[in-house]
Amino acid sequence: MSFTIEERGRPNTQEYRVYFKNSEGKYISPFHDVPIYANEAENIFHAVVEVPRWTNAKMEIATKDPLNPLKQDLKKGNLRYVANVFPHKGYIWNYGAIPQASRFHTWEDPNHKDSDTGCCGDNDPIDICDIGSKVCSRGDIIKVKVLGTLALIDEGETDWKVIVINTEDPEAGNFNDIDDVRRLKPGYLEATVDWFRRYKVPEGKPENQFAFNGEFKDKDFAIKTVKTTHEFWKALISKKSNAGEINCMNSGVSDSPFCCSAGDAEAVVKSASAFGPEDPFPSSVDKWYYYEK
């Protein structure tokens, strides 16, 4: 199973989008049409890379747009770039999300209070942090092993950050649980907590908080979390629960009332602006922030 991307609009502008196609050249939703499992028996999942390591543009799956392309998040009407907070540069992992399609899916239901954190979901796909050595490209769809998870409480909402490693990483065989990350990449988990705690401080916001006192949960807990939350998405895509502002248009979930024709999917992409040269980054992207912990 392979996927390709098609860029539309000019990078670093509000019109920029990244659409996805399957191996047959059919336009798909990375949110709804990419199967959650790459290998269900071995708990190998697919992950969509939204933000490559060391970059700053806060790209994300556009949950409210038809076919859910990648687009850059906005803050007060401006493109959002994550600040460089000492000692970090941009994102310190390949950052992305677990997709949902076929029969197995994931979704953080915002009206469901998490039994572990006591908070509601944040209405977004479950995020992943790929700790592998490869710097991925925007829009890559990779196969990952789940190692553990961190529960960020973001403005009162549960925001799971699932720690994964790309199965194609040369060292992937050595990583099977969260303790392997501590042993083989000492300091990486602590840096991850530090990054999530402070990345919004340059925006004038307080430090983020965590469930479980900022402790990482192990692989089994993380996989259970992913498998539990996919039930909420299944209800969403089958119209058994209210989708609200979420756009469930897909081209491959045949039993979904939101399934569209290949022609309708193509029309969505062709209606977007043509791909063009990128705009320059704002100078603030290269600024570095330092403050006492």
Student: Return the minimal non-hydrogen interatomic distance between Val226 and Ile126, and the atom names on each side.
Tutor: CA-CD1, 4.2 Å
Student: For Phe196 and Trp160, I'd like to know if the aromatic rings sit close, meaning centre-to-centre distance below 6.0 Å.
Tutor: no
Student: Quick check: is Val18 connected to Tyr27 through a chain of hydrophobic side chains (ILVMFWY, heavy atoms under 4.5 Å apart)?
Tutor: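 Per the 4.5 Å side-chain linkage, Tyr27 and Val18 are not co-clustered.
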Student: Check whether any side-chain N or O of Asn94 sits under 3.5 Å from a backbone N or O of Arg53 as a donor-acceptor pair, and report yes or no.
Tutor: yes
Student: Will you find, in the side chains of Asp279 and Thr13, an N or O donor that is under 3.5 Å from an N or O acceptor?
Tutor: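 Result is no, nothing qualifies.
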Student: Would you mind checking if Glu231 and Lys234 are paired as a salt bridge, meaning a charged N to carboxylate O distance below 4.0 Å?
Tutor: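 Between Glu231 and Lys234 there is a salt bridge, with a charged N closer than 4.0 Å to a carboxylate O.
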Student: Between Glu6 and Lys270, is there a salt bridge with N-O shorter than 4.0 Å?
Tutor: yes
Student: Which is it for Asn56 and Asn84 under the side chain to side chain donor-acceptor pair (under 3.5 Å) test, yes or no, and what are the steps along the way?
Tutor: CA-CA 8 Å; Asn56 300 74; Asn84 304 304; 2.8 Å; yes
Student: Quick one: does any side-chain atom of Asn213 pair with a main-chain N or O of Glu215 as donor and acceptor, under 3.5 Å?
Tutor: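 Judged by distance alone, no pair lies under 3.5 Å.
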Student: I'd like to know whether NZ of Lys89 has more than 12 heavy-atom contacts from other residues, nucleotides or ligands below 6.0 angstrom.
Tutor: yes
Student: Salt bridge check, Asp159 against Lys161: does any charged N sit closer than 4.0 Å to a carboxylate O?
Tutor: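 So Lys161 pairs with Asp159 through a salt bridge.
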Student: Please determine whether a side-chain nitrogen of the Lys or Arg among Glu203 and Arg80 lies less than 4.0 Å from a carboxylate oxygen of the Asp or Glu.
Tutor: yes
Student: Would you mind telling me which of Thr63, Ile98, Asn68 makes a side chain to side chain contact (heavy atoms under 4.5 Å, CB included) with Pro125?
Tutor: Thr63
Student: Given 3.5 Å as the limit, does a donor-acceptor pair link the side chain of Lys145 with the main chain of Ala172, or not?
Tutor: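 Yes.
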Student: Would you check if the distance from the ring center of Phe86 to the ring center of Trp288 is below 6.0 Å?
Tutor: yes
Student: Strictly by modelled atom types, are Lys219 and Asn43 linked by a side-chain donor-acceptor pair under 3.5 Å?
Tutor: no
Student: Carefully, step by step, assess Asn250 and Ser29 under the rule side chain to side chain donor-acceptor pair (under 3.5 Å).
Tutor: CA-CA 6 Å; Asn250 66 84; Ser29 162; over 6 Å; no
Student: Does the pair Asp194/Arg198 count as a salt bridge with the N-to-O cut at 4.0 Å?
Tutor: yes
Student: Salt bridge check: are Arg10 and Glu15 linked by an N-O gap of less than 4.0 Å?
Tutor: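 Yes, charged N to carboxylate O under 4.0 Å.
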Student: Should the pair Asp65-Arg17 be classified as a salt bridge under the 4.0 Å nitrogen-to-oxygen rule?
Tutor: yes
Student: Just checking, Arg182 and Tyr188: is the charged tip under 6.0 Å from the six-membered ring centre and within 45° of the axis?
Tutor: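 Cation-pi check for Arg182 and Tyr188: fails.
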Student: Should the pair Tyr91 and Tyr95 be assigned to parallel (<30°), tilted (30 to 60°) or perpendicular (>60°) ring geometry?
Tutor: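 Tilted, since the angle between the ring planes falls between 30° and 60°.
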Student: Is a side-chain N or O of Asp33 found less than 3.5 angstrom from the main chain of Pro30, in a donor-acceptor match?
Tutor: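 Not at all, since once roles are kept as given, no pair shorter than 3.5 Å links the two residues.
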